[in-house]
Each structure stands twice: as C-alpha cells, then as structure tokens.
Asker: 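Right, I'll just put the structure down here and ask away after.
This structure is a prediction, so every number in the text was calculated from the model and none was measured.
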Amino acid sequence: MDQIHIILFYKFTDIANPEEFAKSHLSFCKGEELVGKVLVANEGINGSLSGSKEQVGKYKRYLTGIEQFSDVVFREETCSFHPFKKMVVRVKNEIIRMEQELDLTKRGKYITPEELLELYETDEDFIILDARNRYESEVGRFKNAITPDIETFREFPEALKSFSKVKDKKIVTYCTGGIRCEKATAYMLKEGFTNVYQLKGGIINFCQKHHNTVWNGKCFVFDQRLISDVDPESGSITTCVSCNESCDKYRNCKHVACDNLIILCDLCTHRLNGCCSQACAEEYSSHVTKKSQERQAHHLLREVK
C-alpha cells in the first residue's frame, strides 16, 4: 500500500475575506479528495492535510500559487493510514487561539535545529521552554525543557508569570510545527522579555534532521494518530496508567462520561475494554448492557404493535 503523506503548515498574513477564502479552499481540497483540517482567519492560515504524494503535491502548488502564500513552509510526514476522517475548512477569529492583542511583526528570533543542538553541545546557559500543552509534553520533550502545566495555549500568558525573574535570560521556545511559538514569543517580547528565540520548523523539523540527540520520547499530534514517532530512535518516556509498563499510546477513555486522555497499553486496553480504570470499565459495561436492553424492549414493543 502506498504511504499517506501528511503536511502541517501555517502562515500569519492578512486575509481580507476569510469566508470567501475558506469557501474556495474547501472546494479545491474536496475536488482533490484531500482530508484534514484548515483554519482560516484575518490573521492567516493554519492547517494539516493528508493524501497521496500526488494529491499533497497538488495542494502545495495550489497554496503557494497564491502570491501571499508563495513562501509557506510545509512540514511533511508519512503514515500507513489517513489520520483524518473528512475535509474541514473553518473560519475562526484566530488560527491559533491566545486571545491577546499582539504585534506579530515583533516576535522571537528564529534559531535553527543546528544552532539549538550547538547550544546543548557547548553547555551554553539558556532556558528551553515548551509552548505546548501539558499532555503533549508528557509524551515527548527536549532535554532539560521547562514544560508549563497548561491545558490550552490560552493559559500560556498566565504560566509565563513565573518567569518574571529571568526576563533577560536567553530563552528558546518550541512547539510542534512553530505556530504557537510565533505568538508565544510575540507575547513574551510585549511583556518585557529581551532575549527570546523560537525553534524554526518546530519539533518535526528538528527530529527529521537530528535523530537520537536531545529530543526524548514521541510527539503528540492533533489527528487520529495522537502520537507521531518523529524520532524512531527515541524510546517511550511515559508508562501505562494501569500497569505502569513503558508505553506511549494515548487513548480517550471509552466511557463517555469520563473520556479522559490517557496512556494505556494494548494489553490493558483489551483488559479494561478501552477504559482508563476498572471502575470506568464496569460503568461502561453497565451502560452498554442498559442500552442493549432498551433496544430489545423497543423492538419487542414494535412487534406487539
């Protein structure tokens, strides 16, 4: 089977009519039978798509054929299956939500993967700051990274308050593909930080170039894969919530009332029927049994009528 190609991309640029842009974008993507999710706002575009090599190639030519997107950089991975179910293009207020008034022309300086690696190798004094959510950093992060305890990117400004005493220290931010660092560093500069950098191309770009160096674990992604093995030589840094064995597979607890995002190995997934605990497994089983009995009663009632 041919590999599925996945692209991740963004660009901050003024889009005068996001609704019209989104409409034509969706039409093109559906016409090429691509699947994925693209967000469009006045401030730009943010998306991830999957398709065959040819389909993805056509999309890249389509987007870069629009003058203001001619320099868009694509992060590309491959997979054995489509990580998206359908094609969605949505108009939003922001392409990455932070809810802050920012001047995105004033943001942190780019640092290349090679330059970041050199910082580690020369033992330079710097802070490596994860701009992602807690559940992302739990399965993978850079060596010695500071990982704020946040559930959404909107919480980043509040988390940054604990860094008030190091505003003049060299700080390198990173995220999956780079987009969150654009806003994170713009906010940091606005708040008085003076020596702020952002990793160019994010985690994906770094790991594709420098396997088995200073990245530890896997990379969380916002599609059906949940985990991307960006560095095959890096092992798991997390354990199963049930048996505590080494594992890096994220799943949502099958019990809808819980739905917690958890690390659960294949053996425990089978044993607990996809739930995060024995209690949830019993509640889920009871719920399924109740629904089955209700359906049977409904069918019997229809037969009687």
Asker: What pairs of residues pass the side-chain hydrogen bond (donor to acceptor under 3.5 Å, both in side chains) test when at least one of them lies in residues 109-120, not counting sequence neighbours?
Answerer: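 Sorted result for residues 109-120: Tyr110-Glu182, Thr112-Glu115, Glu114-His210.
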Asker: Are a donor atom and an acceptor atom from the side chains of His5 and Thr78 found within less than 3.5 Å of each other?
Answerer: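 Judged by distance alone, the side chains do not pair up.
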Asker: Within the structure provided, determine whether Lys169 and Phe193 are in side-chain contact (heavy-atom separation under 4.5 Å).
Answerer: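 The answer is no, as the side chains (C-beta and beyond) never meet within the 4.5 Å cut-off.
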Asker: Please name the pair of heavy atoms, one in Lys60 and one in Glu76, separated by the smallest distance, quoted to 0.1 Å.
Answerer: NZ-OE1, 3.1 Å
Asker: Using 0.5 Å steps for rounding, measure from the OH atom of Tyr197 to the CD1 atom of Ile171.
Answerer: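 Tyr197 OH to Ile171 CD1: 11.5 Å, rounded to 0.5 Å.
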Asker: Say you draw a straight line from CG of Leu160 to OH of Tyr187; how long is it, rounded to the nearest 0.5 Å?
Answerer: 6.5 Å
Asker: What heavy-atom pair brings Ala131 and Cys175 nearest, and what distance separates the two atoms?
Answerer: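 Taking Ala131 first and Cys175 second, the nearest heavy atoms are CB-CB, 4.5 Å.
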Asker: Taking atom CG of Asn195 and atom CD1 of Ile127, what is their separation to the nearest 0.5 Å?
Answerer: 10.0 Å
Asker: Does any non-hydrogen side-chain atom of Leu129 lie less than 4.5 Å from one of Tyr174?
Answerer: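 Side chain of Tyr174 against side chain of Leu129, heavy atoms only: no contact under 4.5 Å found.
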Asker: Determine whether a donor-acceptor pair (N or O, by modelled atom type, separation under 3.5 Å) exists between the side chain of Asn46 and the backbone of Ile95.
Answerer: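 Between the backbone of Ile95 and the side chain of Asn46 there is a qualifying donor-acceptor contact (under 3.5 Å).
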Asker: With a 4.5 Å cut-off on side-chain heavy atoms, are Leu49 and Phe9 touching?
Answerer: yes
Asker: Closer than 4.0 angstrom, basic N to acidic O: yes or no for Lys183 and Glu94?
Answerer: yes
Asker: Quick one: which residue pairs count as a side-chain hydrogen bond (donor to acceptor under 3.5 Å, both in side chains) with a foot in residues 248-264, not counting sequence neighbours?
Answerer: Glu138-Tyr250, Lys249-Asp266, Arg251-Asp266, Arg251-Thr269, His255-Glu283
Asker: Under a 4.0 Å N-O cut-off, is there an ion pair linking Lys11 with Asp71?
Answerer: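 So Lys11 pairs with Asp71 through a salt bridge.
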Asker: So that I can tick it off, tell me whether Glu99 and Arg97 are bridged by a salt bridge, with the cut-off set at under 4.0 angstrom between side-chain N and carboxylate O.
Answerer: yes
Asker: Are any non-hydrogen side-chain atoms of Ser48 and Ile7 less than 4.5 angstrom apart?
Answerer: no
Asker: State, without any angle test, whether Gln198 and Thr173 hold a side-chain donor-acceptor pair at a distance under 3.5 Å.
Answerer: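 No, because no side-chain N or O of Gln198 sits under 3.5 Å from a partner of the opposite role on Thr173.
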Asker: Distance from Leu267 atom CG to Ser242 atom OG, nearest 0.5 Å?
Answerer: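 Interatomic distance, Leu267 CG to Ser242 OG, rounded to 0.5 Å: 8.5 Å.
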Asker: Taking Ser137 for the side chain and Arg134 for the main chain, is one N or O donor matched with an acceptor at less than 3.5 Å?
Answerer: yes
Asker: Less than 3.5 Å apart, which donor and acceptor atoms pair up between the side chains of residues 20-38 and the rest of the protein, not counting sequence neighbours?
Answerer:
{"residue": "Ser24", "atom": "OG", "partner": "Glu20", "partner atom": "O", "Å": "3.4"}
{"residue": "Ser24", "atom": "OG", "partner": "Phe21", "partner atom": "O", "Å": "3.0"}
{"residue": "His25", "atom": "NE2", "partner": "Tyr59", "partner atom": "OH", "Å": "2.6"}

Asker: Does some side-chain heavy atom of Phe206 sit less than 4.5 Å from a side-chain heavy atom of Phe142?
Answerer: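 Of all side-chain heavy-atom pairs linking Phe206 with Phe142, at least one is under 4.5 Å.
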